[in-house]
Amino acid sequence: MEPEFLRQAIANGAGAVVFPSIFQEQIEGRDSDTPQPLSANTVQQAQYNGGPELYLARLQEIKRLVSVPVIGSLHGYEGGNWLDFAKQIEAAGADALELNIQPVLAHPEQTSEELETLLCETVRSVCESVALPVAVKLTQYFTNVASMARRLQSAGAAGLVLFAHEAKWNVAIERLHWTTDWELTPVDSVAATVAGMLRARVNDLDLSIAASGGIRAAEDAIKAMIAGADVVMVTSEIYRAGPEAIRKIVDGLSRYLESGGFDSLAQFQQSRPLPEMRSQRMTRQDNIASLTRSAQYRDPTPVIEPQTGDRYGHPH
Ligand SMILES: Cc1cc2nc3c(=O)[nH]c(=O)nc-3n(C[C@H](O)[C@H](O)[C@H](O)COP(=O)(O)O)c2cc1C
C-alpha cells in the first residue's frame, strides 16, 4: 500500500483505510520449525504484501502518515496460534482489525453447525486477545446470516463486513481441469450485498455493518445504507477508476442527504426502516409479485379460449 496512493484516497474522501490481508499460511510459514520447500509458490506466498515483518513495519509507517483510522486484516481458514499476529497488529498501532476466516466449505465430515461454532470460537479467542474492535468478514454462503450476525456479536465482534470476495471458479476445458482467478467485482452487482444487509439487520444488532461488494457509485452506497450498512467499502472501483471514485461516491451521497433534508449521515441512518423478519408466506408472495411485474417475464400458460359445444367438447 503506497503512501502516495493513500494520500490521494484520503484527499478524495476515504474515511478509513483497510490494509491488505496478511495470510495464515504466511504467518505459519514464518513460525514453522520445518523449512518450507523452496518453490516459486512458497516464495511468492511468503513475500506477498511484504511478508509478516514488513507488513507490521508498513502499518506503523502508514499509521504515522495518515489521519484516518487504519485497519489491519488477517485472512485464514481456521483458528490457531497464527492468530496471535492480531496482537502484533495491535502493537503496530492499528485502530481496528478485520478478520477474514474462510473455512473450507466442502468438508464431508463437518456439519454447517460445527463450522459455524468453530468460527464463533475463533472470533471469540481473537476478540479476547486484543482490545481492538474486531470486524468479521463473512462469505455470503452462510445459510442464515441473521443468526451468524447474532452469534458473532455474542462472541465479541464489533462489526461485520458483508461480504468477502471469492476467487472466480472456471474450468479450463482443454486441460480438463478447474481454475480460479481473482477478478474485480463486475459492474452492477450490489444486489447480493444489499440482500446481506437486509438479512443481517432483521436482528436488533449492536454491531456495525460494512457493505463490501459492488459499491461503484453513490447510488450503490445509498442503497446499501438504506438496507442497513453503517459504512461502505470500495475496492474494485478504485482499481478501475482510481481514488477519484471515492470522491464521486462521497459527493453523490452528500447531494442525496442534502436533497432529502438530512443534517447528517447519522440522522439518515437513524431514519431508515428496520427490516422485519418477514413470514415465509409474505416473502413468497413478494417473489411471485416481483416475478409477475418483471418485464422479461411472460406467463408460459397458453391462453385457452372459452369453448362452446356439446358436453363432450364437440363444436356445434
Ligand atoms: C485486487 C484485490 C485485492 C484484494 N485483497 C484482499 C485482501 O487482502 N483481503 C481481503 O479480505 N479481501 C481482499 N479483497 C476483497 C475486497 O476487500 C472486497 O471485499 C471485494 O473486492 C469486494 O468489494 P468491491 O466490489 O468493492 O471490489 C481484494 C480485492 C481485490 C480486487
Side-chain angles (χ1 to χ4, degrees), residues 1-2 5-6 9 12-27 44-52 54-56 58-59 62 70-77 82-83 85-86 89 94 96-103 119 122-123 126 134-142 157 159-168 180-197 209-225 227 229 231-250 253:
M1 193 169 274
E2 296 304 321
F5 175 82
L6 279 185
N12 276 286
V17 172
V18 185
F19 246 59
S21 304
I22 194 85
F23 287 75
Q24 174 176 354
E25 292 80 353
Q26 294 180 282
I27 298 164
Q44 204 179 29
Q45 182 177 295
Q47 291 169 356
Y48 185 67
N49 284 331
L54 201 54
Y55 188 85
L56 295 173
R58 281 194 182 144
L59 193 63
I62 296 298
V70 176
I71 302 164
S73 172
L74 283 172
H75 191 302
Y77 56 91
W82 72 279
L83 283 167
F85 202 75
I89 289 182
L97 176 70
E98 180 189 74
L99 192 57
N100 187 351
I101 305 284
Q102 300 295 320
L119 177 63
T122 304
V123 169
V126 174
V134 176
V136 181
K137 195 170 189 180
L138 285 184
T139 154
Q140 52 180 296
Y141 295 118
F142 282 100
L160 291 180
V161 181
L162 305 178
F163 288 108
H165 196 57
E166 307 280 325
K168 191 170 174 198
T180 50
D181 288 311
W182 192 258
E183 293 183 354
L184 300 183
T185 308
V187 297
D188 200 16
S189 44
V190 77
T193 307
V194 166
M197 301 295 118
I209 303 186
S212 174
I215 308 288
R216 284 190 74 209
E219 198 187 347
D220 302 315
I222 295 162
K223 283 180 183 174
M225 285 186 183
V231 291
V232 296
M233 298 167 85
V234 189
T235 311
S236 296
E237 191 58 13
I238 298 180
Y239 275 91
R240 271 190 289 259
E244 296 77 28
I246 306 171
R247 170 60 49 209
K248 284 192 185 153
I249 295 175
V250 172
L253 184 57

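When a ligand or atom number is given, it counts from 1 through the structure's own listing order.
- By the 4.0 Å heavy-atom criterion, K137 is counted among the residues contacting ligand 1.
- At a heavy-atom cutoff of 4.0 Å, ligand 1 is contacted by the backbone of V234 but not by its side chain.
- In terms of N/O distances under 3.5 Å, ligand 1 is approached by G214.
- Using bins of under 30°, 30° to 60° and over 60° for the plane-to-plane angle, the ring pair F19/Y55 lands in the perpendicular bin.
- Given atom 8 (O) of ligand 1, the protein heavy atom at minimum distance is S21 N, 2.9 Å.
- Nearest protein heavy-atom contact of atom 16 (C) of ligand 1 is T235 OG1, 3.5 Å.
- The shortest N or O to N or O distance between H75 and ligand 1 is not below 3.5 Å.
- The N/O atoms of Y239, backbone and side chain alike, include none that comes under 3.5 Å of an N/O atom in ligand 1.
- Protein heavy atom at the shortest distance from atom 30 (C) of ligand 1 is W182 NE1, 3.2 Å.
- Of all the heavy atoms of L184, the ones lying under 4.0 Å from any atom of ligand 1 belong exclusively to the side chain.
- Within the 3.5 Å criterion, the main-chain N or O of K137 finds no donor-acceptor partner in the side chain of E98.
- Among all non-hydrogen protein atoms, the one lying nearest atom 18 (C) of ligand 1 is S212 OG, 3.4 Å.
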